[in-house]
Amino acid sequence: MSARIINGQEVAQQIRHEIRQEAERLKSAYGISPGLVTIIVGNNPASVSYVTGKQKTAKDLGFYSVQEDCPEDIQEEKLLALIDRYNRDPKIHGILVQLPLPGHINETKVLYAIDPDKDVDGFHPVNLGRLMIGEALFYPCTPYGIQQLLIRSNIEIDGSEVVVVGRSNIVGKPVAMMLCQKAKGANATVTICHTGTKDLSYHTRRADILIVAAGRPKAITADMVKEGAVVIDVGVNRIGVTQEGKARLCGDVDFDAVKEKASAITPVPGGVGPMTITMLMLNTLNAAKRSLKLS
Ligand code: GUN
């Protein structure tokens, strides 16, 4: 059996179409455009590429978008002051500080500084706490994208065995927390595996849905996957450059071998990646709607 390839680009486009329509409605009914500021410190190539993609998508959707490029050696107080300026700017509904930050800046302090109502990344401890109790304002974008990809691909989550490989605050922990909520598109039995897990294959082979955010190419091989499982590959590993000079990417899953065993699988690129940016736009749209205090 060869797996169905889950096309993240297609699902993302469908959601972007819905976002564009809703943004146009907001504009004509209330005269506001969703506003997003992306803040980048330094010029790490991966971060520059992510932020460029976010800005381009925001503009394509007709959002008001601002990019702030800060020097690598910016003082922490200056960065905090910049965030505070946008916290108070009524045209801006979403603030995103691209991570990782240089070592001299306290990442936690920066994430705390963002107004939780404008935290479209969903990384503020208030929002992560709200997510845990099923009262989220914003879901972190990659976990939200994974959940939407599963739902819109008609994959049954309710009652399934989900195994997450990786325990980052950005992907592993929040996606696990989202999928175990008693809610639609969730209600799964979730296991989190990490570098301290003694027998990784024992767990991954039990998964109906295997979500891999390990940060290691080919961390998951075919023998680690159950026949018919759904495999979501969150890995973005840069393994050289293409003929066009773009970064050559591969995921955390041995795609060619695992696709012969899985029932559905996401490719890299073209799987989870396009969904992450799209969910950022959805969070920004929703932040703009919340700012109207309609209900
Ligand atoms: N670095 C890697 N992924 C992300 C993300 O989703 N948001 C931010 N702000 N930084 C990141």
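What you see below is based on every heavy atom in this structure, not just the backbone, and it leaves out hydrogens, waters and symmetry mates. Start at 1 and go down the list; that is how both ligands and their atoms are numbered. Computed from a predicted model, the values in this text were never measured in an experiment.
Salt-bridge check for Glu18 with Arg152: passed, with a basic side-chain N closer than 4.0 Å to an acidic carboxylate O. Look at Glu227 and Lys261 and you find no salt bridge, because none of the NZ, NE, NH1 or NH2 atoms lies under 4.0 Å from a carboxylate O.
Under 4.0 Å from any atom of ligand 1, one finds heavy atoms of residues Lys54, Leu96, Val97, Gln98, Leu99, Asp121, Phe123.
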Salt bridge (charged side-chain N to carboxylate O under 4.0 Å, His left out) assessment of Arg85 paired with Glu68 = CA-CA 12 Å; Arg85 176 146 71 75; Glu68 289 282 357; 3.8 Å; yes
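Cluster annotation: Ile192 is not connected to Leu210 through the hydrophobic network of ILVMFWY side chains, with a link wherever side-chain heavy atoms come within less than 4.5 Å.
Few gaps surround NZ on Lys226; more than 12 heavy atoms of other groups in view lie less than 6.0 Å from it.
Screening residues 104-128 for salt bridge (charged side-chain N to carboxylate O under 4.0 Å, His left out), with sequence neighbours left out, gives Glu76-Lys109, Asp117-Arg290.
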